[in-house]
Trainee: 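Can you read through this structure? Questions will come right after.
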Amino acid sequence: MTTKELPACPVETTLTLISDRWKVLILRDLMDGTKRFGELKKSIGHITQKVLTSNLRDMEASGLLTRTVYAEVPPRVEYTLTETGYSLKPILDAMWDWGLAYKEKAVRP
């Protein structure tokens, strides 16, 4: 995605990159470090292989993560957040805190 294609509003730009719920969960899981495709699929849960692959490709194209392929049999592929990807940590932390507070309020009558 080039700068010309990005929205003028910075909030909309952020949403363009991470608005898909799967992308946020991928970011959450990669904040702890490098993961293989199977590890991501297992930790995210109800995501198909096709959707996970598509989201990982989008995130790689956006510069949020890197994909490393090892020439082994069977092939090993690992995903790691880039510096740009890690820079989203404060946003994910805020989402965590907000979700926790909301859940506490929601269970109270």
Side-chain angles (χ1 to χ4, degrees):
M1 186 175 285
T2 65
T3 308
K4 289 180 185 177
E5 296 172 6
L6 293 175
C9 173
V11 172
E12 190 177 350
T13 298
T14 305
L15 286 174
T16 299
L17 294 172
I18 67 166
S19 63
D20 185 286
R21 79 174 181 159
W22 301 118
K23 289 178 181 174
V24 173
L25 296 178
I26 291 167
L27 287 167
R28 175 202 67 190
D29 290 351
L30 289 177
M31 285 293 164
D32 294 335
T34 300
K35 299 245 186 324
R36 293 175 70 171
F37 185 90
E39 291 175 302
L40 286 170
K41 187 168 182 335
K42 185 177 180 180
S43 67
I44 293 170
H46 297 78
I47 187 171
T48 65
Q49 185 168 330
K50 180 180 177 181
V51 171
L52 179 56
T53 299
S54 173
N55 278 279
L56 288 168
R57 286 183 181 155
D58 286 350
M59 294 173 75
E60 183 180 15
S62 298
L64 298 177
L65 59 82
T66 57
R67 177 179 185 262
T68 306
V69 180
Y70 295 92
E72 301 173 351
V73 177
R76 178 171 50 115
V77 179
E78 293 182 341
Y79 297 90
T80 307
L81 289 179
T82 61
E83 189 176 321
T84 302
Y86 278 116
S87 72
L88 289 163
K89 186 174 183 343
I91 294 169
L92 293 182
D93 289 345
M95 291 172 72
W96 176 278
D97 294 342
W98 188 91
L100 212 55
Y102 181 83
K103 285 173 71 173
E104 287 175 9
K105 288 179 187 175
V107 297
R108 292 184 193 148

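Heads up: numbering here begins at 1 and tracks the sequence. As the structure is a prediction and not an experimental result, all values here were calculated from the model.
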Trainee: Give the minimum heavy-atom separation between P7 and T13, together with the two atoms involved.
Mentor: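 Smallest heavy-atom distance, with atoms named: O-OG1, 3.2 Å.
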
Trainee: Hey, quick one: are L30 and V77 part of the same hydrophobic cluster, counting side-chain heavy atoms closer than 4.5 Å, chains of contacts allowed?
Mentor: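 Yes, one cluster joins them.
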
Trainee: Would you find more than 12 non-hydrogen atoms of other residues, nucleotides or ligands less than 6.0 Å from Q49 atom CD?
Mentor: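 Counting other residues, nucleotides and ligands, CD of Q49 stays at 12 neighbours or fewer.
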
Trainee: Hey, is CE on M95 packed in by over 12 heavy atoms from elsewhere, all under 6.0 Å?
Mentor: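 No.
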
Trainee: Grab the two heavy atoms, one from E78 and one from Y70, that are nearest each other, plus how far apart they are.
Mentor: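 Between these two residues, the closest heavy atoms are OE1-OH, 3.2 Å.
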
Trainee: More than 12 heavy atoms of other residues, nucleotides or ligands under 6.0 Å from CZ of R76: yes or no?
Mentor: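 For R76, atom CZ is crowded (more than 12 foreign heavy atoms under 6.0 Å).
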
Trainee: Would you kindly confirm whether W98 and M31 end up in one hydrophobic cluster when ILVMFWY residues are joined by side chain heavy atoms under 4.5 Å apart?
Mentor: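 Unlinked, W98 and M31 end up in two clusters.
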
Trainee: Main chain of L64, side chain of T84: is a donor-acceptor contact present, judged purely on distance under 3.5 Å?
Mentor: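 Side chain of T84 to backbone of L64, a donor-acceptor pair under 3.5 Å: no, none is there.
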
Trainee: Return yes if some donor-acceptor pair links the side-chain N/O of T16 with the main-chain N/O of E12 below 3.5 Å, else return no.
Mentor: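 Present.
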
Trainee: Just verifying a value: how many Å separate Y79 OH and T34 OG1, rounded to the nearest 0.5 Å?
Mentor: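 Atom-to-atom, Y79:OH and T34:OG1 are 12.0 Å apart.
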
Trainee: Within the structure provided, determine whether K23 and D58 are in side-chain contact (heavy-atom separation under 4.5 Å).
Mentor: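 Side-chain contact under 4.5 Å: yes.
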
Trainee: Are Y86 and L56 co-members of a hydrophobic cluster defined by side-chain heavy atoms under 4.5 Å apart?
Mentor: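 They do share one cluster, since a chain of ILVMFWY contacts under 4.5 Å joins L56 to Y86.
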
Trainee: Would a distance-only check, ignoring hydrogens and angles, find a side-chain to backbone donor-acceptor pair under 3.5 Å from T82 to G63?
Mentor: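 Checked: pair present.
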
Trainee: Are V69 and F37 linked, directly or through other ILVMFWY residues, by side chains that come within less than 4.5 angstrom of each other?
Mentor: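 Yes, V69 connects to F37 through the hydrophobic network.
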
Trainee: What I'd like to find out is whether the side chain of L27 reaches to under 4.5 Å of the side chain of L65, using heavy atoms alone.
Mentor: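 SC-SC contact between L27 and L65 ruled out.
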
Trainee: Passes side chain to side chain contact (heavy atoms under 4.5 Å, CB included), L40 versus L25? Steps please.
Mentor: CA-CA 9 Å; L40 286 170; L25 296 178; over 6 Å; no

Trainee: Would you give the length of the straight line joining atom CH2 of W22 to atom CD1 of I47, rounded to the nearest 0.5 angstrom?
Mentor: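 Rounded to the nearest 0.5 Å, the CH2-CD1 separation comes to 5.0 Å.
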
Trainee: Please name all residues satisfying salt bridge (charged side-chain N to carboxylate O under 4.0 Å, His left out) with K89, sequence neighbours left out, ordered by chain then number.
Mentor: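 Applying salt bridge (charged side-chain N to carboxylate O under 4.0 Å, His left out) to K89 gives D93.
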
Trainee: When you measure from the side chain of K35 to the backbone of D29, do you find a donor-acceptor pair of N or O atoms at a distance under 3.5 Å?
Mentor: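 Yes: the side chain of K35 pairs with the backbone of D29.
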
Trainee: Answer yes or no: is there a side-chain heavy-atom contact under 4.5 Å between I26 and L52?
Mentor: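 The answer is yes, as the side chains (C-beta and beyond) meet within the 4.5 Å cut-off.
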
Trainee: Which value, rounded to the nearest 0.5 Å, describes the distance between T80 atom OG1 and E60 atom CD?
Mentor: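 Spacing of OG1 (T80) from CD (E60) equals 11.0 Å.
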
